[in-house]
Amino acid sequence: MSDNPTSSITRRAFLGRIGAVSGAAVMYQAMSALGFAAESSYAGPIELKGAPRGTSVLILGAGYAGLVAAYELSRAGYKVKVLEYSHRVGGRAWTLRGGDEFTELGGFKQKCEFDAGLHFNPGAWRIPYHHHGILDYARRFKVPMQSFNQVNENAYLHSTKAFDGKPQRFRHVRSDFKGHVAELLAKSLNQGGLDAELTGEDREKMLAAMRSWGVLDKQYRYVASHAVDGSRGYQIDPGGGLMAKPESSTPIDPKTLVDSGLWKYLVTDHDYEMGQAMFEPAGGMDRIPQAIYSEIKPLVQFGAKVVKIDQDDHGVAVSYIDAAKGGDPVVAKADWCLCTIPLSILSQIPMRAGEPMLSAISAAAAYVASTKVGLQFKRRFWEEDERIYGGVTYTDLPITMISYPMQGQNLPGKGVLLGAYAFGPNSYTFASLDPAERVREAVRLGAQIHPQYTKEFENGVSVAWHRSPFTLGCFAPWRGDTRDKHYDNLCQIDGRIALAGEHASRLPAWQEGAILSSLDAISRLHARIVSNASEKKNG
Amino acid sequence: MAKEILFRLSRRVAAVVAVIALCASGFASAADTDKVPPPEKLVSGGKFVGEDGAVLYHAVCQGCHMPDAKGAEGAGHYPALAADPKLASSLYIALTVLKGRKAMPEFGTFLSDAQVAAIVNYVRTHFGNQYSDALSAADIAKFR
């Protein structure tokens, strides 16, 4: 977007820039079409009846898809075994706490130094209210949930190129942008500029709406007043007794606001996918997978690296080696297989399957990049100094955002926040750094928004998902065209093998996608098994 | 007794070797990272910045292929680029960077033609690779 050289912005330029905002809405619609924002079609707990006695299912991977399948299939009477590469369950639903150690690809080791009671979710970290499947599992396993506020009116929007790099409060940008748009529309209505669209009573109703929505005065102006303070906040808040009288705050002028580009972050305020209410399990995202795991513990074998997946008309044979020591492969046999291995890795494992499934695996194997950094500070200065409780600050710095913890709010003491959540090229540059350098960079950059960082920082951890040994990236990169061509082939049962995971869902990267994919795959697998068994019996 | 002395001795030798290895790798990475700008100078408007092959390798490639270009092995693997005979074909490498291949994402949208050429030329002349036929930006443009 080019800067407007005139001192007062023209109506045309201003409306043009609003068009750029609706561009964001159009982009969001496009994302919905790709399956990024669909409501979960979870229809309640599944009941798999009539499992043929003694039928075995081998499950590859103990992330959400594998855990849910192991739980439901074993309940239905199947003989289940789970092979998991790492030494924990949950996959990308992962929580780091003090004392945890982990090693990235390349051998880079980290030890989490957080104080007791503090944690950081380096992968999945929030659950929308419309993700019914994961919420239902949390409810069934009585995992306590707490609110996760994506939008915080008092958090910041920050651009290094605007306001001399000074972060702006979300409520100021939100209120002022709305107010200025309402004023322009009202002006246009009053000058007859929209007579082709609205006349008479309709015009009057729209004027009333603009006045109410934008908090305009009687002359349809968006100017400092206590009414506007009620939207964007006061300069001096009302107090008690003989304290100073409340003082009005001053709106940001329209040109500065539009030129700042900060309005582009306002889309988070009316976003279906991240709209309120959102949740997180109290104490860490891994509480839900841990709860499911507690029901199926004896079924899971850790440290098993799958090296070959074979099948014939009678069953599957999966070769695996000890993930740490290597050695000769061991073969696990079963009647059927549910494979939840991420496509990035599955594309490298020799597998006997038809060309349609193999092509589909390769089509979405180049996983999307993301990097997260968790930082512990000596005190919760974002709450004590800046009154930011939870929510997200957005920035054009490579860290992309800072998210403040939901846990322990307004208590004295330390806190851990999300100090970076980088995507695309910024994620690659972060992934290229040593873990300690990533933390150092997140602190250095974040200090532009919170100068307290420098003094209060204690320690941090980082997860660059392209260096994750068990995923080689963050999530499957479906595009509209590749999905149209390959997605159904990925989800179809091939012989005795079915695939599941977020990659086999229309909710990419979401835990709900992994759960729905798993429930759908095991339901179809079960139907196939039951029908095969009855054919055999009758034949 | 003799066994114990041998054990101690071998531990000491191992420690010395480890220290030497640490110094060597320390010097190597220090020399490389001195040249690399901080993250905010490496990306602008969603694209990588600069045309220095070494810097671009650091920013774009080494997250997966590693600082020594030897790749890595986990549940899956990243191939080594060091002493890689596949690098004999500059076109193969250029196409892989531009369009991606299996688990490797496409970088064509994040990189200019000159940047792709710089990366390909850098990798093919470092890490034990010695291929002198360089690609130009114009060569890359043909594959867009």
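Throughout, protein chains are lettered first and strands after them, A, B, ... in sequence-line order, and every chain is numbered starting at 1.
- A 4.5 Å side-chain heavy-atom check between B/Tyr78 and A/Gln348 finds every atom pair outside the cut-off.
- Summarising the geometry, atom NE2 belonging to B/His65 is positioned 12.0 Å from atom CG belonging to A/Leu105; distances are rounded to the nearest 0.5 Å.
- Comparing B/Gly100, B/Ala59, B/Ala72 by how many heavy-atom pairs each has under 4.5 Å with chain A, the most go to B/Ala59.
- Put simply, of B/Cys61, B/Cys64, B/Gly71, B/Gly76, the one with the most heavy-atom pairs under 4.5 Å next to chain A is B/Gly76.
- Both the backbone and the side chain of A/Pro425 come within contact range of chain B, each with at least one heavy atom under 4.5 Å from a heavy atom of that chain.
- For B/His77, the parts sitting under 4.5 Å from any heavy atom of chain A are the backbone and the side chain alike.
- Summarising the geometry of A/Leu433 relative to B/His58, their closest heavy-atom pair is CD2-CE1, 3.9 Å, with the distance given to 0.1 Å.
- Proximity to chain B is limited to the backbone of A/Tyr367, based on heavy atoms less than 4.5 angstrom apart.
- Ranked by heavy-atom pairs under 4.5 Å with chain A, the first of B/Ala75, B/Gly74, B/Pro105, B/Gly46 is B/Ala75.
- Taking all atoms of both residues into account, the shortest heavy-atom contact from A/Tyr428 to B/Val60 is CD2-O, 4.1 Å.
- In this structure, chain B has heavy atoms under 4.5 Å from both the backbone and the side chain of A/Pro469.
- Residue pairs meeting the salt bridge (charged side-chain N to carboxylate O under 4.0 Å, His left out) criterion with at least one member in residues 96-108 of chain B, sequence neighbours excluded, are A/Arg479-B/Glu106.
- Residue A/Phe423 does not touch chain B at all, counting heavy-atom pairs closer than 4.5 Å.
- Considering every non-hydrogen atom in both B/Glu73 and A/Lys305, the closest pair reads OE2-NZ, 3.0 Å.
- Here A/Thr429 contributes atom OG1 and B/Lys41 contributes atom NZ; the two are 13.5 Å apart, rounded to the nearest 0.5 Å.
- The shortest heavy-atom contact between B/Gly63 and A/Ser432 is N-OG, 3.3 Å.
- Contact of A/Leu445 with chain B is made through the side chain alone, with heavy-atom distances under 4.5 Å.
- The two residues B/Pro39 and A/Phe430 make their nearest non-hydrogen contact at CB-CE1, 4.4 Å.
- Between chain A and the options B/Met66, B/Met104, B/Lys70, heavy-atom pairs under 4.5 Å are most frequent for B/Met66.
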